[in-house]
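These notes are about the structure you will find just below.
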Amino acid sequence: MVEKGRLVLEANRVSKKYQLGQMSVTALDEVSVQVHQGEFVALAGSSGSGKTTLLNLFGCLDLPSSGEVKVDGVSSLVDDDNFLSGLRATKLGFVFQNFNLFQVLTARENVEYPLLKQKVSKAERIERALMALEKVGLKGFADRRPNQLSGGQRQRVAIARALVHRPVIIIADEPTASLDKKVAVEILTLMRELNEREGATIVFSSHDPTALEFARRTVQMSDGRVVSDSAQGTSSF
Amino acid sequence: MLMNIAVRNVFRNRRRTALNVLMIAASFCSIVIFHGFSHSLVGSLEEVAINTQFGHYQVATQGYWDRDPDLRWEQKMLDTSRPEIQALADHPEVDYVSGRIFFFGLLNTRRTSLSARAQAFDPAVERRLMDNLEIVEGESFTGENPFELIVGLGLQKHISGNPGDLITLVAQTVDGAVNAIDLEFKGVFATGISEVDDSTFMLPLQAAQLLLDTDDVETLVVLLNRADVVSSVTADLKASLKSFPEATLRQWRELADLHQQVVSYYKVQNTLIEGILIVLVFLAIMNTVSMSVFERIGEIGTARAIGDRRSDILIQFVIEGFILGCLAVVIAVPIAALVATGLTSLQIPIPLPGSSLPYLVEIALLPSSFVYAGLISVFTATMGTLGPAFRASRLNIVEALRRNQ
Ligand SMILES: Nc1ncnc2c1ncn2[C@@H]1O[C@H](COP(=O)(O)OP(=O)(O)OP(=O)(O)O)[C@@H](O)[C@H]1O
Ligand SMILES: [Mg+2]
């Protein structure tokens, strides 16, 4: 097994309950997961098992009903929306199932967006955005609008946007669910490469068994609980 | 880049943006045009009021202004032979100074006898009054003979006389004695103000002084060459009357109650119109931004997820409203100028009360009202975004993100 890096993400006995009228739905039930720097983790599980809920808590998009989530040692249990925005802006990168690019912005401008939250000069912003696009294999597509790109290309732009500000961790909820199989493999390969070459820490969810083969560790969920957590020593690579 | 994004978002839905811009532009034009119209109209009303009634100033004794009941008429009259009056007339900005007397007299024709209000002035000096006096029947003062009389249109109906008739005017002299003179009925005037036309007749000052047995006048009207020097000349004129303490100078605005009412009426009207337009623009923008927020919920979720603060979202939408407002103003400025000039060039005549000369509709192009309308438009468009923008900024991130499906 690879040596473990610094602890960058942890869920400590995290529960999430939703109130639906009289009924209480437990989406997460005392889940504890730790992610270290350099890991490439897949969250697996059937629909409704709680993958998205957990990733939302990891991403500080939502707060747990009980328990605690820490990103890079910082707890998300603070009653300060601006603080959480800052946490997301600096320490986290997001990739979404439907790419979620800003339609009015070009590929390069989309990638620049997270850098607007930081004190980065315009020249550096552009340079870093172009570099990030190059890393995801989109050199030459900088000036395209999202609607001028294929699904796979859009997701590449989204990945570039998620890593341009050098976050501690990238969170990807179903990053390949909207792509056909071949393109999905390309995206997963890219993510794996970024993990290996750039040392990007990535947690993604998927219910596609082939996607899980790319991860180096799989956290299996069911009914809001972690049912298994296993490292793949030898992957399909 | 924030500005850049906002501009692109504004142009995202061109039809909606065009509608909004048009709406704001139309209200901008309305404000500019209403301001320009009332400014010109009030200006003309002022001119008529000055020319026909008040002059730029009037001089009279304090007793006259106070309508002091303890003073006899004679004591309220002004001695026009004083050198101070001459000094007043000699001021370089003064066009003319002329005396007037108002009194009640009995008009006797062959068949009727009727009490009416007399206005005595000097037709040879008071050119501006003569120019604005509309004669609807017969003719005006000829100037050859002081024993002439013109009668208000409404009053004529009661005295059953016609131009050419001889009328005997009976009145009390300043000392209280009864006196009478014969005057030739020359013509009928109409000021458009019925209170005046129904009760007033006019005669030359010379005849009136003879009838009233006086060399004095009640008031002196002072006309300046230009109206815009009123404020700067006042002190001068007051100074030249210093050695004549009985004579008090009053600016026309102090005397013109009705005129001031008209001015404030237009102010109220303009404010009302502005208020309605502001509300309309505000609601339109609010509606548009609400729609736009609704369509962009997913995007807002994404922006919040990747680190935008609530305030960033708020500002984004507010900037879009600001841009809409600015865009509309830029477009509306030439349109308003064009429409105003066009309307003025149509020379639409409307009657002005108090003047024989019809008023041609004029829309003044006032830089101040352009600035004012511009500020109001941009401000309202910006403020209209606040409500929906605030709601956008408070959206639940997880729920907003789900809209990206
Ligand atoms: N806002 C909500 N209100 C009520 N229940 C919710 C809400 N969000 C999630 N849930 C419930 O929580 C449970 C976990 O949902 P979650 O979306 O995390 O599952 P998932 O593993 O991501 O599923 P999928 O593979 O379909 O994306 C489900 O039973 C779901 O119905
Ligand atoms: Mg999910």
Side-chain angles (χ1 to χ4, degrees), chain A residues 16 18 27 52-53 55-57 59-63 80-106 108-118 120 122 125-126 129 145-146 158 161-162 164-165 167 170-171 173-174 177-178, chain B residues 1-17 288-289 291-321 323-324 327 389-405:
Chain A
K16 183 72 186 177
Y18 291 105
T52 297
T53 305
L55 286 181
N56 286 343
L57 296 184
C60 305
L61 301 171
D62 207 353
L63 297 178
D80 180 350
D81 195 80
N82 284 344
F83 177 80
L84 291 179
S85 292
L87 200 65
R88 290 193 296 269
T90 51
K91 294 193 184 294
L92 293 159
F94 288 90
V95 177
F96 305 93
Q97 176 180 340
N98 293 301
F99 328 131
N100 295 18
L101 298 178
F102 298 116
Q103 296 300 318
V104 293
L105 302 184
T106 63
R108 192 201 80 216
E109 289 163 341
N110 264 289
V111 177
E112 276 182 57
Y113 200 89
L115 297 178
L116 292 174
K117 313 272 159 274
Q118 293 169 16
V120 176
K122 187 175 177 183
R125 224 163 57 207
I126 293 175
R145 291 280 177 98
R161 180 177 68 182
V164 70
H165 55 299
I170 294 173
I171 288 170
D173 191 11
E174 309 271 5
S178 296
Chain B
M1 184 136 150
L2 210 62
M3 207 63 181
N4 204 335
I5 296 172
V7 169
R8 287 187 216 174
N9 275 324
V10 164
F11 285 107
R12 206 166 178 176
N13 192 327
R14 277 156 205 265
R15 211 179 66 92
R16 206 153 66 198
T17 297
T288 299
V289 178
M291 283 199 281
S292 170
V293 166
F294 183 78
E295 287 164 12
R296 280 152 62 184
I297 288 179
E299 208 169 273
I300 293 164
T302 306
R304 293 277 285 129
I306 65 180
D308 269 359
R309 295 160 167 232
R310 282 177 178 153
S311 54
D312 294 327
I313 304 293
L314 184 90
I315 290 166
Q316 187 75 47
F317 283 100
V318 171
I319 289 179
E320 288 179 33
I323 291 173
L324 270 181
L327 200 69
F390 182 75
R391 263 178 277 126
S393 74
R394 311 293 294 194
L395 285 171
N396 177 291
I397 303 175
V398 172
E399 275 165 30
L401 275 172
R402 230 178 280 147
R403 291 291 192 91
N404 285 304
Q405 249 98 69

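Just so we're on the same page: letters track the sequence lines, and every chain starts at 1.
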- Query: Checking heavy atoms, do the side chain of A:Phe96, its backbone, both or neither come under 4.5 Å from chain B?
  - Reply: side chain

- Message: Which atoms of B:Asp312 are under 4.5 Å from chain A, going by heavy atoms: the side chain, the backbone, both sets, or neither?
- Response: side chain

- Query: Top residue by heavy-atom pair count (under 4.5 Å) with chain A, among B:Ile5, B:Asn396, B:Asn404, B:Ile397?
  - Reply: B:Asn404

- Note on the structure: Rounded to the nearest 0.5 Å, the CG atom of B:Asn4 sits from the CD1 atom of B:Ile319 at a distance of 11.0 Å

- Answer whether the closest heavy-atom distance between the side chains of B:Gln316 and B:Leu2 falls below 4.5 Å. yes

- Query: Is B:Arg304 salt-bridged to B:Glu299, going by a charged N under 4.0 Å from an acidic O?
  - Reply: no

- Query: Non-hydrogen atoms of chain B under 4.5 Å away: do they reach the side chain of A:Asn100, the backbone, both or neither?
  - Reply: both

- Query: Which region of B:Arg12, side chain (C-beta onward) or backbone (N, CA, C, O), has a non-hydrogen atom less than 4.5 Å from a non-hydrogen atom of chain A, or is it both or neither?
  - Reply: side chain

- Task: Answer yes or no: is there an ion pair linking A:Arg161 with A:Glu109, defined by an N-O contact shorter than 4.0 Å?
- Result: no

- Specify which of A:Thr52, A:Leu61, A:Leu84, A:Asp81 makes the most heavy-atom pairs with chain B at under 4.5 Å. A:Asp81

- Message: Do the side chains of A:Lys117 and B:Asp308 get close enough for a salt bridge, i.e. N-O under 4.0 angstrom?
- Response: yes

- Message: Between B:Arg8 and B:Glu320, does any side-chain N to carboxylate O distance fall below 4.0 Å?
- Response: no

- Item | Proximity breakdown for A:Leu116 and chain B, heavy-atom pairs closer than 4.5 Å | side chain

